[in-house]
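Scroll down for the structure; my scribbles are underneath it.
The sequence lines fix the lettering, A, B, ..., with proteins before strands; numbering per chain opens at 1.
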Amino acid sequence: MSEDSTRSAGQAPLDLPEGCTLSRRTFLGGVGATAGLVLAGAVPALVSSAQATEGGVPGNESLSGVLEEDGAVNYPGKTVHYAEPPGDEKWAMVIDVKACIGCRRCVYACVKENNIGRNSGFTYIQVLEMDKGKVDVEHASLAYEQGGDPDKWYMPVQCMQCAKPPCVYGCPVTATWRDPDGIVVIDYEKCIACRNCIVTCPYGARHFNWVEPEVAEAEINPDVPLHEKAGVIEKCTFCIHRTREGGTTACTEACPVGARKFGDLNDPDSEVSILLKTRRVWRLKEEYGTEPMIWYVG
Amino acid sequence: MAEKAISRPGVKRVIGVDLDFGALRTAGPRYWAFVSLLVTVIGLGVMAWGTLLTHGGSVMAMRDSYPWGLWFTNYMYYVGLSAGGLVVYASVHLFNAKQFAPLSRLAVLQAGVLVMMALLGIITDMERPWRAVWMLLTPNFNSPFIYTGSAANIYMIICFVDLWILITGKGGHKLAHRMTLIALPFAVYLHTTTAFVLSLNKSRELWNSAVMVPIFLTSATASGVALLLICAYVMQRIGAMKFKPSMFRSLSTLLATVIIIDLFLLAVEILTVFWPTSAKPGHALRLAEFFTGEYAIAFLPVLVLGLGAFALLAGRSTRHLPAVQITASLMYVVAIFLKRYSLMAMGFAVDPLGQYSAPYLPSLVEVLIALGLLAVGLLIMTLSAKVLPLRVPEEDSAESDQVVLASHAPEQALEVG
């Protein structure tokens, strides 16, 4: 019966090779999977209405696997001195690589916002230009001239604020830790400049100030340390001085195509929560088990 | 022994050790020329360190793509060299290798001085050395640095205490034997943790291999034995110590054995990385730089020198010749330095985001600091050759103790164990 139905469904051109036709098994499998997906969507919904207060954030149960990764790592009990204390938020970012045009405006905005030494020779955000067809970081280009090449695609990489941060595990003196809201911070007064975190980070997100960072007097952002950063490690902080006061990150603000969404995973109605629940997202080097807090969607 | 020494002029007794300052007075002009050369190099090194402290890290060639440089190469290298000496010394006690007994003081001194050089290398690399106190106050036990750093410090202390025990004969052969039982596992521990600094990084495919630990141990032993052989020849040449030719033969046999194990482990690693069913792109890509990339000039000599040294030591008709033994030892000491350098640098050459950086070559400041530290080590050895009683007295009670100890070593090991 189903043999007949497939044949009648696929009546039209049929230039396809043998293996391409919809066999009974795959057809039935497909039906089963669809039903499963529907059920999977329905059951948690029922459960959530029944016991909304128990376990996880109400309305965000489908993200519980991600939310469980939360938990401060090596948190010394006091937050960094230049920002408001962390609240109940759990910060996350979703980057739409389909939208990203590789213009590097996020990079420039970040450099200005975070007092990155103009002579330091690094930026928190690195945009990789890659060939179509695969996520091949090994053959990506960082030094491309300008973005917007239709034959390429672009992926910005920065500190992933990992839930299991190898850099924090590798710091011999506990000069870096993960604050309760998920931001991995560095104590510039304590860093011994061993650079082991540069070695342990799989995302190349950590940078060392080999020189005294220089920023023109007029361009200094008073909310962010500058001279303290000489001879120590620095990296992206999810703009901790802005986000903990209700703002968003400088890179999110600067993106001309709205490819970056920043928000709180503990808020079920935030853009990042909705994106994670509705879109098929992926993370860079997921197999490393670092549980990054930046997701990509294409 | 002490009474006999004290009767000579110029001998001062410090914490039970007879320091023969009289020997310095009688030393020739060539000796003093060498010492003043070393002092000059140390002075240059201190100046270079001052430049680093005042101008910041940019005077070094290290950058974010090469966060560690010559100092780390030297750390691995010196720590490795020190192991070989200790293995030889320990084999006197544990495996009844009597032929190495005359080497024991020299081996322990060499081990201690080399680890000291390694630790000084770390201190001179830090931009704010005083912050190192945080390692003690708030250590993070997930970091391999904590283990290798503490191991190196304790190991250095063990070596110097051991040397003191050997020279003064305090505690008799029993204590000397027990110190071996502490020192040898600690040497292994130190090298394991040093290898872990590289291998426990999932972010760096090239290093993330368990075989790194045994390779570190064998490279360390081979290069250390080779250095000890060279050092023993030099000491014999300048008349500070005297050895039997059979001792050198045993030493070079040990060297050849460890070299071939070392090369075997390297071959196994290379095979695993490139074999089609196990090759991971990230790892294969990085290791391929060893053979075809810009690092080939540093790595291919490792294989050539290694196989060459083994071939020299394996030849039945020539292996007893001092010239052959010294050449092979020198070849392997150089090979291991190149191996450490290329291993460290290549791990960084392709960064986690796949970006290739041109090979790291140390800047003048880094080279001067490294040479200064080398000169510190050489100066200590040069002065010790004259001042310290390194020669294990043949007919002395200390020696007979050692021989007795050596012959009873297995039984004692059982008792202690």
Side-chain angles (χ1 to χ4, degrees), chain A residues 73-74 76 119-122 126-128 130 136-143 155 157 165-177 187 189-213 230-233 284-285 287-290, chain B residues 52-53 55-69 72 122 125-150 197-198 200-205 207-208 281-282 284-286 344 347-348 350-356:
Chain A
V73 181
N74 277 355
N119 55 342
S120 291
F122 60 79
Q126 293 171 293
V127 188
L128 295 173
M130 284 187 278
D136 186 4
V137 172
E138 304 295 346
H139 293 98
S141 161
L142 263 180
M155 181 168 73
V157 179
C167 55
V168 170
Y169 298 144
C171 177
V173 297
T174 331
T176 178
W177 62 87
D187 186 345
E189 307 293 320
K190 204 173 167 187
C191 172
I192 61 167
C194 71
R195 278 114 47 199
N196 194 30
C197 54
I198 295 187
V199 175
T200 55
C201 176
Y203 304 102
R206 289 197 167 230
H207 307 279
F208 187 74
N209 276 294
W210 300 93
V211 291
E212 166 93 21
V232 295
I233 296 281
L284 185 57
K285 302 194 183 184
E287 71 276 14
Y288 280 34
T290 52
Chain B
L52 170 63
L53 286 178
H55 288 76
S58 58
V59 294
M60 300 187 284
M62 290 180 276
R63 290 295 177 263
D64 279 2
S65 46
Y66 288 102
W68 295 336
F72 192 70
I122 299 186
D125 169 71
M126 291 173 129
E127 300 212 359
R128 296 179 186 81
W130 55 92
R131 283 191 185 179
V133 72
W134 289 112
M135 297 268 272
L136 297 171
L137 297 179
T138 57
N140 176 13
F141 293 104
N142 287 318
S143 175
F145 263 45
I146 290 294
Y147 299 97
T148 189
S150 56
V197 169
L198 296 188
L200 295 186
N201 287 308
K202 56 187 167 194
S203 56
R204 309 277 168 174
E205 284 92 337
W207 302 337
N208 194 4
L285 187 92
R286 285 168 174 83
M344 187 229 34
F348 291 128
V350 182
D351 80 359
L353 293 184
Q355 303 303 306
Y356 179 80

Completion exercise
When the 4.5 angstrom heavy-atom criterion is applied to A/Gln126 and chain B, the contacting part is side chain
Completion exercise
chain A shares the most heavy-atom pairs under 4.5 Å, among B/Trp207, B/Trp68, B/Phe145, B/Phe348, with B/Trp68
Exercise for the section: State, to 0.1 Å, how close A/Cys201 and B/Pro352 come at their nearest heavy-atom pair, and which atoms those are. Expected result: O-CG, 3.5 Å
Problem - Part of A/Tyr169 lying under 4.5 Å from any heavy atom of chain B - result: both
Exercise for the section: Kindly give the heavy-atom pair with the smallest separation between B/Arg128 and A/Ala230, and that separation in Å. Expected result: NH2-O, 2.8 Å
Practice task
Pick whichever of B/Val59, B/Val350, B/Asp351, B/Asp64 has the most heavy-atom pairs under 4.5 Å with chain A.
Solution key: B/Asp64
Exercise for the section: Measure distances from A/Asp136 to the heavy atoms of chain B and classify the residue's part below 4.5 Å as side chain, backbone, both or neither. Expected result: neither
Handout entry: Between B/Asn201, B/Thr138, B/Asn142, the one whose heavy-atom pairs under 4.5 Å with chain A are most numerous
Key = B/Thr138
Practice task
Could you tell me the separation between the CE atom of B/Met60 and the CH2 atom of A/Trp210, rounded to the nearest 0.5 Å?
Solution key: 5.5 Å
Handout entry: Heavy-atom contact with chain B under 4.5 Å, split by part of A/Val157
Key = side chain
Practice task
Taking the side chain as every heavy atom from C-beta outward, state whether B/Leu285 and A/His139 have any pair of such atoms under 4.5 Å apart.
Solution key: yes
Completion exercise
Between the CG atom in B/Leu353 and the CG atom in A/Leu284, the distance rounded to the nearest 0.5 Å is 7.5 Å
Completion exercise
With chain A, the option among B/Met135, B/Arg131, B/Arg286 that has the most non-hydrogen atom pairs under 4.5 Å is B/Arg131
Exercise for the section: Output all residues satisfying side chain to side chain donor-acceptor pair (under 3.5 Å) with B/Ser143, sequence neighbours left out; order by chain, then residue number. Expected result: none
